[in-house]
S.K.: 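Sharing a structure below in structure tokens format, with a few things to ask.
Computed from heavy atoms alone, side chains included, the values below leave out hydrogens, waters and symmetry copies. To find a chain, count down the sequence lines: A is the first, B the second, and so on, and within it residues start at 1. No experiment lies behind these values; they were computed from the predicted model shown.
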There are 2 protein chains.
Amino acid sequence: MSNKGYTGHMELHEPELRDVPVTAVLAALADDVRLQIVRALAEGGEYACGTFEFGVSKATRSHHLKVLREAGLTRTRAAGTSRYVRLRRDELDRLYPGLLDAVLTAPTRS
Amino acid sequence: MSNKGYTGHMELHEPELRDVPVTAVLAALADDVRLQIVRALAEGGEYACGTFEFGVSKATRSHHLKVLREAGLTRTRAAGTSRYVRLRRDELDRLYPGLLDAVLTAPTRS
DNA sequence: GAGGTTGTTCGACGCATGTCGAACAAGGGT
DNA sequence: ACCCTTGTTCGACATGCGTCGAACAACCTC
């Protein structure tokens, strides 16, 4: 929040799901771009950040991935210059059974 | 939207759930006050708008009830000077099975 | 190490949203 | 008729959020 001038170590902080208010999880899902990302991630496996080309700049994409990560929805692994993202499906399903399925099976309404 | 000066007939428009984007439903649920209202409504039955005293003014309460209604989450019936609100649970459960349960059974984290 | 690739951060911009008080509308009581 | 209650709308304000380009960092390759 108050990091002026880049501290340099890139914390990558992924909260415990229990510590994230439900409203934050819902808010994270309540955006078209992020929902597309989640749908893509739901296919399973890891994806490099660059994979997600949804008509936004890489700055915006980075922002959305941060929101998802800090809402406890994704985990990120750094490898070389890339970063691999995956859905925290098991934890999500355990804490909010049915939520993800409901959202993912919802009509795609492009 | 462009109603200047009060038109007077109070449309009360409740959309078909299919016509509401998922993100709008999620956004409607992604607010503390509205979530409290939904939790209260989930007890079943109808509630007058004034029932919901969650530390906000009646203007704000009215706003939140409008958001919920226009996201297809509630139905409103006018009777006298009061207005009775209820959850559209059946429709919700049919279109987004598991969503409401997941949100309602989530830890209350006051 | 110079240059390319990948992703994050900053600063700025506009738009949406939560909040309130005040004014208004519609009904119900007495 | 008058007033009170209930709820909506308006206008204003502050804050939050999505978006971008530009600058930066870390890494890899040659």
Side-chain angles (χ1 to χ4, degrees), chain A residues 1-14 21 23-38 46-71 74-86, chain B residues 1-14 21 23-38 46-71 74-86:
Chain A
M1 225 45 146
S2 57
N3 274 346
K4 197 69 196 283
Y6 202 167
T7 55
H9 59 329
M10 242 176 263
E11 267 293 317
L12 232 339
H13 87 301
E14 303 175 341
T23 47
V25 175
L26 292 169
L29 292 169
D31 175 279
D32 270 310
V33 176
R34 288 196 292 269
L35 198 46
Q36 286 184 75
I37 295 177
V38 169
E46 289 181 324
Y47 293 81
C49 298
T51 312
F52 311 108
E53 278 295 349
F54 295 120
V56 294
S57 73
K58 62 178 179 172
T60 303
R61 185 211 320 142
S62 192
H63 162 68
H64 285 308
L65 288 169
K66 183 179 183 180
V67 171
L68 288 173
R69 185 177 61 244
E70 294 185 339
T74 61
R75 250 181 229 293
T76 304
R77 178 179 65 89
T81 136
S82 293
R83 264 144 115 110
Y84 294 93
V85 183
R86 65 181 186 283
Chain B
M1 224 45 144
S2 55
N3 275 349
K4 198 73 196 284
Y6 202 149
T7 56
H9 59 324
M10 243 177 263
E11 267 294 314
L12 229 342
H13 88 299
E14 303 175 341
T23 46
V25 175
L26 293 168
L29 292 169
D31 176 279
D32 270 310
V33 176
R34 288 196 292 268
L35 198 46
Q36 285 184 78
I37 294 178
V38 169
E46 289 182 323
Y47 294 81
C49 298
T51 312
F52 311 109
E53 279 295 349
F54 296 120
V56 294
S57 72
K58 62 176 178 174
T60 303
R61 184 207 326 138
S62 191
H63 162 69
H64 285 309
L65 288 170
K66 183 180 185 181
V67 171
L68 288 173
R69 184 176 62 244
E70 295 186 339
T74 60
R75 248 178 230 295
T76 304
R77 178 179 65 91
T81 138
S82 292
R83 261 145 116 109
Y84 294 93
V85 183
R86 64 181 187 282

S.K.: Nearest 0.5 Å, what's the OG1-CG distance between B:Thr76 and B:Leu68?
M.R.: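 So the gap between those two atoms works out to 9.0 Å.
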S.K.: Report the distance from atom NE2 of A:His13 to atom P of C:dT9, rounded to the nearest whole Å.
M.R.: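 So the two atoms are 11 Å apart, to the nearest Å.
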S.K.: Is A:Ala78 touching bases, backbone alone, or none of the nucleic acid, heavy atoms closer than 4.0 Å?
M.R.: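 Result for A:Ala78 = nothing.
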S.K.: Are any protein N/O atoms closer than 3.5 Å to N/O atoms in nucleotides 16-20 of chain D? If there are, list each pair with its distance.
M.R.:
unit_1, atom_1, unit_2, atom_2, d
D:dG18, OP1, A:Arg34, NH1, 3.3
D:dG18, OP1, A:Arg34, NH2, 2.8
D:dG18, OP2, A:His63, NE2, 3.1
D:dT19, OP2, A:His64, NE2, 2.4
D:dC20, OP2, A:Ser57, N, 2.7
D:dC20, OP2, A:Ser57, OG, 3.4
D:dC20, OP2, A:Thr60, OG1, 2.9

S.K.: How many whole angstroms separate atom CG of B:Leu65 from atom P of C:dT17?
M.R.: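 One finds 17 Å between P of C:dT17 and CG of B:Leu65, rounded.
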S.K.: Whole angstrom is fine here: how far is it from CZ in A:Arg77 over to P in D:dC27?
M.R.: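 About 14 Å, once rounded to whole Å.
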S.K.: Rounded to whole angstrom units, what separation is found between the CZ atom of A:Phe52 and the C1' atom of C:dT6?
M.R.: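 From A:Phe52 CZ to C:dT6 C1': 14 Å.
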S.K.: To the nearest Å, how far apart are B:Glu70 CD and C:dG18 P?
M.R.: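 Roughly 12 Å, once rounded to whole Å.
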S.K.: Rounding to an integer number of Å, can you tell me how far A:Glu53 CD sits from C:dT6 P?
M.R.: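 In whole Å, C:dT6 P and A:Glu53 CD are 11 Å from each other.
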S.K.: Reckon B:Ser82 touches a base, only the sugar-phosphate, or nothing at all at heavy-atom distances under 4.0 Å?
M.R.: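 The answer is sugar-phosphate, as B:Ser82 gets under 4.0 Å only of primed atoms, P, OP1 or OP2.
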S.K.: For A:Ser82, enumerate each residue passing the side-chain contact (heavy atoms from CB on, under 4.5 Å) test, keeping only those at least two apart in sequence or located in another chain.
M.R.: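 side-chain contact (heavy atoms from CB on, under 4.5 Å) list for A:Ser82, sorted by chain: A:Tyr84.
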S.K.: Looking at residues at least two apart in the chain, or sitting in another chain, which of them share a side-chain hydrogen bond (donor to acceptor under 3.5 Å, both in side chains) with B:His63?
M.R.: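 B:His63: no side-chain hydrogen bond (donor to acceptor under 3.5 Å, both in side chains) contacts found.
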S.K.: Rounded to the nearest 0.5 Å, what separates atom CG in B:Asp31 from atom NE2 in B:His64?
M.R.: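 It comes to 4.5 Å.
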S.K.: In whole angstroms, how far is the P atom of C:dT5 from the OH atom of A:Tyr84?
M.R.: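 Taking atom P of C:dT5 as the reference, OH of A:Tyr84 is at 16 Å.
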S.K.: Tell me every residue that passes side-chain hydrogen bond (donor to acceptor under 3.5 Å, both in side chains) with A:Arg75, counting only those two or more places apart in sequence or in another chain.
M.R.: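 Scan of A:Arg75 (side-chain hydrogen bond (donor to acceptor under 3.5 Å, both in side chains), adjacent residues dropped) gives A:Glu14, A:Glu91.
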S.K.: Between B:Arg83 and D:dT6, is there a side-chain N or O to OP1/OP2 distance below 4.0 Å?
M.R.: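 So the side chain of B:Arg83 is outside the cut-off, no N or O lying under 4.0 Å from OP1 or OP2 of D:dT6.
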S.K.: Does B:Glu70 have any salt bridge (Lys or Arg N to Asp or Glu O under 4.0 Å) partners at least two apart in sequence or in another chain, and if so, which?
M.R.: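 Here no residue qualifies.
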S.K.: Would you mind listing every side-chain hydrogen bond (donor to acceptor under 3.5 Å, both in side chains) that reaches into residues 47-59 of chain B, with sequence neighbours excluded?
M.R.: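 As it turns out, the side-chain hydrogen bond (donor to acceptor under 3.5 Å, both in side chains) pairs with a partner in residues 47-59 of chain B, which skip direct neighbours, are B:Ser57-B:Thr60.
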S.K.: Pick the closest DNA chain D nucleotide for B:Lys66 and for A:Thr81 by heavy atoms, then say which residue is nearer the 5' end.
M.R.: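 The residue whose closest nucleotide sits nearer the 5' end is B:Lys66.
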